[in-house]
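Quick note: residue numbers are just sequence positions, from 1. Given the structure is predicted, the values throughout are model-derived calculations rather than measurements.
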Amino acid sequence: EIGRRLWASPSAEVRAWRGVAAFSTGLGTVCLCISEGSLDAAPSVNIIDPSASSPACTLVVPQHRLTQLLFGTLTLDLVALDEGSSVVVPTNPQVSSAMSAMFPPGTPWRWDMDFM
């Protein structure tokens, strides 16, 4: 799904981006290697050793915020504005742009009592 989202980005720069992106929550860190593919096909996304990541390519976010990003409830730009939270957005602008494409806004259906 992450590869498909990158491939569907309106930005040619994001579609062509290949590299390492890491996501760190209170539960641990996952590091993804985005490789291969072309502008005509979604890139390959593989989980790799978290030691391959750097702070410049790591999104540090509470677990509930990562869930909101995955479902499109919030965008990365909005999550980055959380006051008093421990959100750290990657400093590498290419990785940050790619992550924005990985978490596009959506219209998830939620039950009224779901405080996701």
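For E13, the CD atom counts as loosely surrounded, since its 6.0 Å shell holds 12 or fewer non-hydrogen atoms of other residues, nucleotides or ligands.
Taking every heavy atom of both residues into account, S9 and A101 meet most closely at CB-CB, 4.0 Å. Taking each heavy atom of P104 and R5 in turn, the nearest pair found is CD-CD, 3.7 Å. Residue L81 comes nearest to D77 through the heavy atom pair CG-O, 3.3 Å, listed as atom of the first residue, atom of the second, then distance. Of all the heavy atoms in M99 and L76, the pair that sits closest is CB-CD2, 3.8 Å. The two residues V87 and V61 come nearest to each other via the heavy atoms CG2-CG2, 4.0 Å. The two residues P50 and C31 make their nearest non-hydrogen contact at CA-CB, 3.7 Å.
Linking Ile, Leu, Val, Met, Phe, Trp and Tyr residues whenever their side-chain heavy atoms come within less than 4.5 Å places V89 and I2 in a single cluster. Linking Ile, Leu, Val, Met, Phe, Trp and Tyr whenever their side-chain heavy atoms come within less than 4.5 Å leaves L78 and V60 in two separate clusters. Hydrophobic cluster membership differs between V79 and L27, with clusters built from Ile, Leu, Val, Met, Phe, Trp and Tyr side chains linked at under 4.5 angstrom.
Rounded to the nearest 0.5 angstrom, L70 CG and F23 CZ are separated by 8.0 Å. Distance CD/E36 to CZ/R18: 9.0 Å, rounded to 0.5 Å.
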Evaluation steps, side chain to side chain contact (heavy atoms under 4.5 Å, CB included), between V20 and I34:
CA-CA 6 Å; V20 173; I34 291 80; over 6 Å; no

Could you give me the CA-CA distance, side-chain angles and deciding distance for F103 and L66, then say whether side chain to side chain contact (heavy atoms under 4.5 Å, CB included) is met?
CA-CA 9 Å; F103 307 118; L66 182 59; 4.0 Å; yes

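At least one side-chain heavy atom of L69 sits less than 4.5 Å from a side-chain heavy atom of L59.
For residues 46-58, every residue pair satisfying the side chain to side chain donor-acceptor pair (under 3.5 Å) rule, not counting sequence neighbours, is listed here: S44-N46, D49-S51.
Considering only residues two or more places apart in sequence or on other chains, T29 meets the side chain to side chain donor-acceptor pair (under 3.5 Å) condition with S24. Here D82 pairs with R65 under the salt bridge (Lys or Arg N to Asp or Glu O under 4.0 Å) rule; sequence neighbours left out.
Not one N or O on the side chain of R15 forms a donor-acceptor pair closer than 3.5 Å with the backbone of L6.
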